[in-house]
Amino acid sequence: MTLDLTSLNPAQRQAVETTEGPLLVLAGAGSGKTRVLTYRIAHLITDKRVSPHEILAITFTNKAAAEMRERLATLLGSLPGQYSSRAMWVSTFHAMCVRMLRTDAKLLGFTSNFTIYDDDDSKRLVREVMKELEYDDKRYPINAVRSRISSAKSELMGAAALAESSFTPLDKAAAKIFARYETRLLAANSMDFDDLLVNTHRLLSENVKVLDAYQDRFRYISVDEYQDTNHAQYAITNLLAAKHRHLMVVGDDDQSIYSWRGADIRNILEFEHDYPEATVVKLEENYRSTARILMAANAVVANNTNRKPKTLFTSNAEGEKIASYLASDERDEARFIAGEIERLGRAEHRRYTDFAIFYRTNAQSRSLEDALLRAGIAYKIVGGTRFFDRAEIRDVMGYLKAVVNPADEISLKRIINTPKRGIGDSTIDKVQLVARERNVGFEDAMRAAVEEDWLAARARMSLLGFTQILDELRVLEGDLRDLVEMIVEKAGLIAAYEAERTDEALGRAENIREFFTVVSEFAASHDEPSLPAFMEWLALRTDLDSVDECVDEFVTLMTVHTAKGLEYPVVFVAGLEESIFPHQNSMFEPASLEEERRLAYVAITRARERLYLTHAYSRSIFGVTQHNSPSRFIGEIPAEHVEASGVGSVGFSGTGWEKRGDRSGSYGHGTAESGGRVFGSGTRQVPAAGSSAGGGAFGARSAGPKRKEQTETFSVGDAVDHKVFGRGTVTTVNGDALEIRFDRTRETKKLLVGYAPIVKIKQ
DNA sequence: TGCCGCTGGATTTTT
DNA sequence: TCCAGCGGCA
């Protein structure tokens with residue numbers, strides 16, 4: 001069987017056919033990088049007779065891994081046994097590390113059922129350690145400490161090494177906290193995300209046999225998004241590839257946007273130095289975007305100095321000009337976007353899934369959400385507060401973690417009094433103290449407290465109850481879903497929420513039931529759905545993994561960071577203002593400003609056909625109104641590719657479906673802000689419904705739903721139907737502000753009568 | 001022990 | 001603006 005490579009361009013083909021020795025592929029945005037990666041692996045297997053068993057392909061997200069696996073399965077068809085593509089390791093660094101660590105945990109002093117601490121768990125533990133060592137979290141902000149520890153870890157620096165290179169009090173404190181934190185993690189048989197890498201590196205570098213085995217096995221290795229690897233990942237890659245040196249790395253230095261998380265752009269810039277015999281292939285033809293969008297992207301990123309010079313080209317059509325819109329404030333900006341979505345939906349028959357709205361910071365999503373809600377446009381936010389971050393879900397996960405790994409203190413403490421069992425802080429502190437004095441785990445101390453007599457009788461009884469529950473939970477058996485349901489049942493989580501009888505509590509109970517569905521889905525899609533396997537999957541999954549699980553029609557909202565690797569026909573980038581994007585904290589240092597610019601480059605290159613860059617004359621952030629000038633990144637795009645529009649005028653007073661009772665844009669002048677062209681272009685002139693005098697010519701605004709006649713009145717308990725959110729129940733009424741709990745999302749939203757697309761359902 | 005209200009802090013977050 | 005954490009109080 002031979003793989004058909006004729007659909008590839010010469011550069012792509014060269015990358016695919018260079019199978020021996022190190023290979024660096026510099027792949028510009030939209031240049032068919034994923035195709036190259038998958039074709040190369042398929043080529044190795046079908047034409048070079050490499051066993052899938054010998055292939056390791058590392059991606060940066062689970063989603064990318066899943067996609068690659070899928071594409072490979074299609075390219076390869078089904079092959080038997082070890083030739084099956086299932087023998088291949090296609091995974092993220094972290095998933096790969098977990099797999100290696102589970103196998104050899106004992107060599108590092110862990111057991112194979114170790115818990116993976118996510119951000120929240122790790123933060124709790126650091127907080128405890130800081131209390132224990134009596135560090136004041138005012139002088140030593142916990143997040144600063146955590147970021148020192150985390151960056152030390154990504155540099156493969158231990159606590160001792162950090163201590164040596166510390167000069168400031170904060171660094172010194174961080175080093176001490178780091179040391180204790182590590183001890184506590186080991187005692188809890190737990191690892192945080194950084195540890196997965198650090199410990200894998202230790203495993204490989206300290207155990208020759210283990211390293212040998214993996215080196216022999218993985219003769220062909222590829223790493224995607226190489227520009228975003230940190231030092232630990234870099235070191236692991238080099239260890240694994242050292243013997244055969246068939247290492248392919250793919251990346252784009254212009255899309256390096258995670259340096260603040262320890263990603264080291266030098267990994268890609270200096271690959272040829274590390275592997276002097278490397279073949280270098282540049283993929284510079286873009287297949288994604290219109291010529292104009294590409295020119296804009298090129299022009300912006302060309303302002304960076306620390307990069308490999310390159311210019312993407314395309315044979316795609318020139319396309320529309322890039323629309324830049326000056327809004328009067330963030331609500332106007334959001335309304336404009338909503339209006340354009342509706343307009344393009346009608347004029348160009350676009351579906352909601354064609355649109356994406358990007359922003360620099362999550363805080364910006366609120367006003368956008370608001371406008372979409374009012375316009376009745378279905379949307380989905382990717383990232384932000386996630387289902388799995390909800391307190392009640394984390395509680396369930398706490399129980400599961402404690403069941404799987406009895407040493408996991410953080411989880412134990414999370415669930416010890418959830419639901420309330422009368423075990424308060426003072427009891428926990430006493431148990432903790434005894435644990436430390438006797439140098440035993442928290443659970444042992446807890447059991448001792450039940451046996452012995454150093455706690456008040458009531459606390460002792462409560463603890464007894466809790467340990468009994470734990471014992472019961474740990475002996476449960478059954479298929480995964482039953483198991484999880486039984487654990488939740490015995491823990492009394494749902495029962496406690498239902499007893500509360502408040503709307504919020506019922507919603508939480510509902511969320512837990514939703515979690516059972518997640519369990520079922522996991523069980524159905526995995527070969528051996530054990531509880532530990534499920535926990536692992538949970539720990540490593542993210543919201544992004546489910547971006548397109550939804551078959552429904554949604555406009556997608558997310559931060560620019562989250563958008564990396566995705567593409568949409570129509571892209572809006574909101575908040576292109578100085579101090580928002582580039583962000584305030586990154587504006588004044590050249591290196592971080594360049595990263596902001598790369599971020600802008602990433603945002604622009606997500607767009608296939610149309611690109612909107614919006615900014616606002618005034619914007620309220622955290623309750624404070626700011627006036628920011630347009631982002632320099634807009635100015636870096638050649639004017640002939642930009643069509644500016646917008647307001648920024650005295651007369652603006654809104655269209656009627658934005659919030660009432662606000663300042664309605666009644667600030668002074670600002671016409672110059674839009675770069676000469678104030679209004680009109682590209683924006684349909686729709687008389688503003690319900691707009692008051694003064695709208696006039698400047699009131700020209702995008703199309704949008706008009707305010708509905710206010711015929712209905714609502715009261716608590718009414719069943720309603722919302723255009724986007726479906727059925728719900730009114731929970732509070734405050735004038736024409738309603739709070740409605742929706743059945744489908746189980747969320748409570750604040751809506752305004754007469755603006756929101758809701759109707760009362762007759763009962 | 002548990003609730004309430006005050007205070008301070010709030011980029012980005014593939015894992 | 002909005003959330004989490006902590007201290008004060010019943």
Side-chain angles (χ1 to χ4, degrees), chain A residues 58-65 91-98 116-120 122-124 127 131 137-138 141-144 146-147 150 153-154 191-197 200 224-225 227-230 232-233 255-263 330 358-364 366-367 370 382-386 389 391 417 420-429 456 458-459 462 536-545 547 558-566 575 579-587 592 595-596 598-600 602-603 619-625:
Chain A
I58 295 173
T59 60
F60 249 73
T61 62
N62 296 310
K63 187 170 174 251
S91 77
T92 63
F93 267 108
H94 293 263
M96 173 189 82
C97 290
V98 172
I116 301 168
Y117 275 1
D118 62 24
D119 224 50
D120 186 74
S122 130
K123 194 169 177 178
R124 281 163 186 261
R127 185 170 284 127
K131 266 196 189 135
D137 63 359
K138 298 253 156 46
I142 185 162
N143 284 330
R146 290 211 320 141
S147 97
S150 175
K153 285 187 181 184
S154 352
M191 302 185 193
D192 66 17
F193 280 128
D194 297 318
D195 287 336
L196 296 177
L197 303 171
T200 300
D224 195 7
E225 306 282 12
Q227 77 284 352
D228 283 327
T229 49
N230 63 27
Q233 293 164 330
Q255 292 187 63
S256 161
I257 54 174
Y258 283 100
S259 72
W260 50 275
R261 275 187 88 252
E330 77 276 6
F358 303 150
Y359 35 83
R360 179 65 238 269
T361 66
N362 284 120
Q364 289 168 255
R366 183 168 298 273
S367 51
D370 216 53
V382 181
T385 320
R386 312 178 247 192
D389 284 341
N417 200 31
K420 304 250 180 295
R421 305 192 170 89
I423 305 174
D425 291 344
S426 58
T427 305
I428 295 174
D429 286 349
R458 216 173 76 196
S462 307
E536 183 174 317
W537 175 83
L538 270 184
L540 298 180
R541 66 158 280 139
T542 65
D543 229 29
L544 187 64
D545 300 340
V547 169
M558 64 184 119
T559 65
V560 181
H561 280 91
T562 311
K564 199 175 99 175
L566 307 175
S579 90
I580 303 272
F581 194 179
H583 192 272
Q584 176 120 30
N585 304 356
S586 308
M587 278 168 61
S592 48
E595 181 147 315
E596 293 286 308
R598 290 194 292 270
L599 202 50
V602 168
R619 177 181 299 275
S620 91
I621 292 171
F622 304 137
V624 185
T625 304

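All chains are named by letter (A, B, ...) in the order of the sequence lines, taking the proteins before the strands, and each is independently numbered beginning at 1.
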Would you say A/Ser586 places a side-chain N or O within less than 4.0 Å of OP1 or OP2 belonging to B/dT12?
no

Could you check whether A/Asn417 gets within reach of a base, just the sugar-phosphate, or nothing at all, counting any heavy atom under 4.0 Å?
sugar-phosphate

To the nearest angstrom, the CD-P distance between A/Glu225 and B/dT14 comes to 13 Å

By nearest nucleotide on DNA chain B, pick out whichever of A/Val560 and A/Gly424 is the more 5' one.
A/Gly424

Below 4.0 Å: OP1/OP2 of B/dT12 and any side-chain N or O of A/Asn362:
yes

Under 4.0 angstrom, heavy atoms only, what part of the nucleic acid is A/Thr427 near: base, sugar-phosphate, or nothing?
sugar-phosphate

Any side-chain N or O of A/Arg261 below 4.0 angstrom from OP1/OP2 of B/dT12?
no

Would you say A/Thr559 reaches B/dT13's phosphate, i.e. side-chain N/O to OP1/OP2 under 4.0 Å?
yes

Any residue meeting side-chain hydrogen bond (donor to acceptor under 3.5 Å, both in side chains) with A/Arg619, in chain and number order, not counting sequence neighbours:
A/Glu333, A/Glu577

Test side-chain hydrogen bond (donor to acceptor under 3.5 Å, both in side chains) on A/Thr361 and A/Gln364; report intermediate values, then the result.
CA-CA 6 Å; A/Thr361 66; A/Gln364 289 168 255; 3.2 Å; yes

Reckon A/Asp118 touches a base, only the sugar-phosphate, or nothing at all at heavy-atom distances under 4.0 Å?
nothing

Atom CD of A/Gln255 to atom C1' of B/dT14: distance rounded to whole Å?
13 Å

Of A/Glu596 and A/Lys138, the one whose nearest nucleotide on DNA chain B sits closer to the 5' end is A/Lys138

Look at all strands and tell whether A/Phe93 reaches a base, only sugar-phosphate, or nothing, counting heavy atoms closer than 4.0 Å.
nothing

